[in-house]
Protein chains: 2
Amino acid sequence: MATTIMEVARHAGVSASTVSYVLSGKRPISQPTRERVLASIAELDYHPHAGARALAGNRTQVIGLVMPVGSSGLHRPLLAEFMMAISVTARGYGHNVLLLTDQEGQRSVVDATRGGQVDGLVMMDVTLHDPRVETVRRLGIPTVLIGLPAEPGGLECVDLDFAAAGRLCVDHLADLGHREVVFVGQPEEVYRRQTGFAERTLTGVLDQARERGVRVTHRPCEGGWSATAGLLARVLAERPSVTALVVHNESAASHLAGVLRNCGRAVPEDVSVVAIGADAAAESGEPPLTSIAVPAQRLGTHAVQALMAHLEGPRRPAAPPGARPAPGPSPGAGAGPDGPGGPLLLRPELTVRASTGPARSAPPPRAPRHG
Amino acid sequence: MATTIMEVARHAGVSASTVSYVLSGKRPISQPTRERVLASIAELDYHPHAGARALAGNRTQVIGLVMPVGSSGLHRPLLAEFMMAISVTARGYGHNVLLLTDQEGQRSVVDATRGGQVDGLVMMDVTLHDPRVETVRRLGIPTVLIGLPAEPGGLECVDLDFAAAGRLCVDHLADLGHREVVFVGQPEEVYRRQTGFAERTLTGVLDQARERGVRVTHRPCEGGWSATAGLLARVLAERPSVTALVVHNESAASHLAGVLRNCGRAVPEDVSVVAIGADAAAESGEPPLTSIAVPAQRLGTHAVQALMAHLEGPRRPAAPPGARPAPGPSPGAGAGPDGPGGPLLLRPELTVRASTGPARSAPPPRAPRHG
DNA sequence: CTGAAAGCGCTAACAC
DNA sequence: GTGTTAGCGCTTTCAG
């Protein structure tokens, strides 16, 4: 049934080890031999047995993707985006991805690791005090974290530079003349749980606001239409001179424009809006929102590249059709003084869409638009 | 470093095979022996080596999840939903999930299968003429398809009963007195590609419309705000007496209410809306839409259960905390006359939200609401 | 540059 | 009810 390396060897008139070395490239093989072997492999449609390989070679060519399962700050579209990017990049390096959901504590992670099922791990949605970090540290398996824990414990981290994102939003609005801004944030609980990215964003916003002489009012938001509407009504009554919003909350962002219209404020004529979050949420609304995307794809790709670098010296990807050969972590990285060893923080990029414009001196509540 | 079965055996004063049999339960072990062995396993923190196991036992306890990668009709939130459900259910059966993206053709699927890396496959987002189906059929690996291909070739299929979903929408509207309905469908291309689910929905809608004396106008829709707005403006001008919409298009659904408001029609006072698609899209709008959800979770769970049934006689799940013991494919199944062997079509469930109400005899275009 | 052979850690007959 | 043993298919010394 299953073709073995011995059959290939016989068919090519060589020994099994030669076939193995042709495949691994771990020792020089003469051109003619190599060709005969490859021909036999093709003809017999040989596929090496992964288990045998793992047993003998102590490497599986599989990376584990540790997913959040319970209360994740990560929203669904992003999750899918991450997985795609990670899977595609991993395959570029000849690796497959094993899904590790930690429903039952961290059993699946520990089992897979100790059972020699994976060569390394990528852990998604890492929070500030994430118990999983200590687990993998103890397991001693090469791991890259997506997110920034308080104690990386020597593990590599990859994330969006949320502080810079916050600053960038304020800059954009300040450049347009806005001086009074509301920051619609994550649900209260997220700040209490110290998720990290939420605080970093807030800090960035506040810092740059001070810098630019912008007044910022921070309001956590539960998301959904009614919560968002209520929040906005209150805060706009409180601060009538607000001319712009920064929103770091996907499920609020999609409603903002509608809510504002209902309050009789046009976007961007009366109020400008900048979002931080999944592109899908920003693009799909009316008007589409100027936003800073969480670059799930780039983050996933970088995470895998970083992991591969750890897996065995600078091995290069198997030239995946369409994937660049990863000439180092240059793209969009704001590595800062940490250099290699510090977290890899991707520089945020602001996409200007239709929701931001110059500030009005007075914010005139008008009748809703009819077109 | 890694504890082996032999070390456990020595520590417990038994042979390796006994340890193996304690773990697999494939032969009776006396109570005292079993206990000693389990104690040793715990004390030494033994984790069987997956590769060795796969090699000797010819089973990996891993299922492959074949994901769409390119032009998928499936939208992101659903994808994530599927994966979670599948992964969680699989772990309930003691299996892990290997992600198989078919970017480079079907190489990853073939490699993983022939390489003995997976015991079975779940294939997502299967279309009517899906080339992957023939591939897995030829590979001869146990596979469950999510979606209905034209030629299942003996493979098991699981899907939502989209025809029934279409009928259910029409019934709901007809019951409310609506007689003139627009069906906002998938993008034109989807119908041309014969994706299957799109046609089945359309058929269901048209059939039941005939049955109930409802007039239906079908319009494919590209999605997004402007396309949706344009489409609606045209069709409402054409058919002024329309009082309800059925929308089978996530990226149009989220805009419908807003667009209608902009046309001066209130939902549901002037126009009722029923959606078929991801719950998230329906729930998040204002007003939230009455809808039939694609039950990603249930579909994923059923797919895995069906696969497990194929993997080796009726093996039972390892009593996962909180997962029901799968007493057969009863829940919500409209198995029909096919019984076991035919596709498992889940019965659609309509969730009434705020977007549907009784039909008005005349559809009076009014001024937009100010609240 | 190539072969022979010793395991990797486990499962599943086959013995008793 | 338990122990012995022969591989599973591959990688990698060690020889040549």
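What you are looking at is a predicted structure, and each value in this text was computed from that prediction instead of being measured. Each chain gets a letter, A, B and so on, in the order the sequences are listed, and its residues count up from 1.
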With five pairs defining each end axis, the helix from dC1(C)-dG16(D) to dC16(C)-dG1(D) comes out bent, to 10°, by 30°

For P152(B), the side chain to side chain contact (heavy atoms under 4.5 Å, CB included) test, sequence neighbours excluded, returns P149(B), C157(B)

Give a yes/no answer on whether the side chain of T33(B) brings an N or O atom under 4.0 Å of OP1 or OP2 in dG1(D).
no

Whether R36(A) side chain and A12(A) backbone form a donor-acceptor pair below 3.5 Å
yes

Looking at E134(A) and R137(A), is any side-chain nitrogen of the basic one under 4.0 Å from a carboxylate oxygen of the acidic one?
yes

Rounded to whole Å, how long is the line connecting atom CD of Q117(A) with atom P of dG9(C)?
16 Å

Can you tell me how far P of dT2(D) sits from CD of E35(B), to the nearest Å?
12 Å

B/S/- contact track for nucleotides 11-16 of chain D, protein heavy atom under 4.0 Å
BBBB--

Whole-Å distance separating the CD atom of E7(A) from the P atom of dC8(D):
11 Å

In whole angstrom, what separates L44(A)'s CG from dG9(D)'s P?
15 Å

Rounded to the nearest angstrom, tell me the gap between atom CG in N58(A) and atom P in dC8(C).
11 Å

Sugar-phosphate, base or nothing in reach of G13(A), heavy atoms under 4.0 Å
sugar-phosphate

Between D119(B) (side chain) and R59(B) (backbone), is there a donor-acceptor pair under 3.5 Å?
no

Is there a donor-acceptor contact under 3.5 Å from the side chain of T143(A) to the main chain of V122(A)?
no

Among dG9(C), dT4(D), dT2(D), which nucleotide has an atom closest to any side-chain atom of S15(B)?
dT4(D)

Any donor-acceptor N/O pair, R34(B) side chain to I29(B) backbone, under 3.5 Å
yes

Please state how far atom CG in L55(A) lies from atom C1' in dA6(C), giving the value in whole angstrom units.
13 Å

For the backbone of T18(A) and the side chain of S20(A), can you confirm whether one donor and one acceptor N or O come within less than 3.5 Å of each other?
no

Any I146(A) side-chain heavy atom under 4.5 Å of M123(A) side chain
no

Tell me the closest heavy-atom pair linking H49(A) and G51(A), and the distance in Å.
ND1-N, 3.0 Å

dT2(C) P sits how many Å from R36(A) CZ, rounded?
8 Å

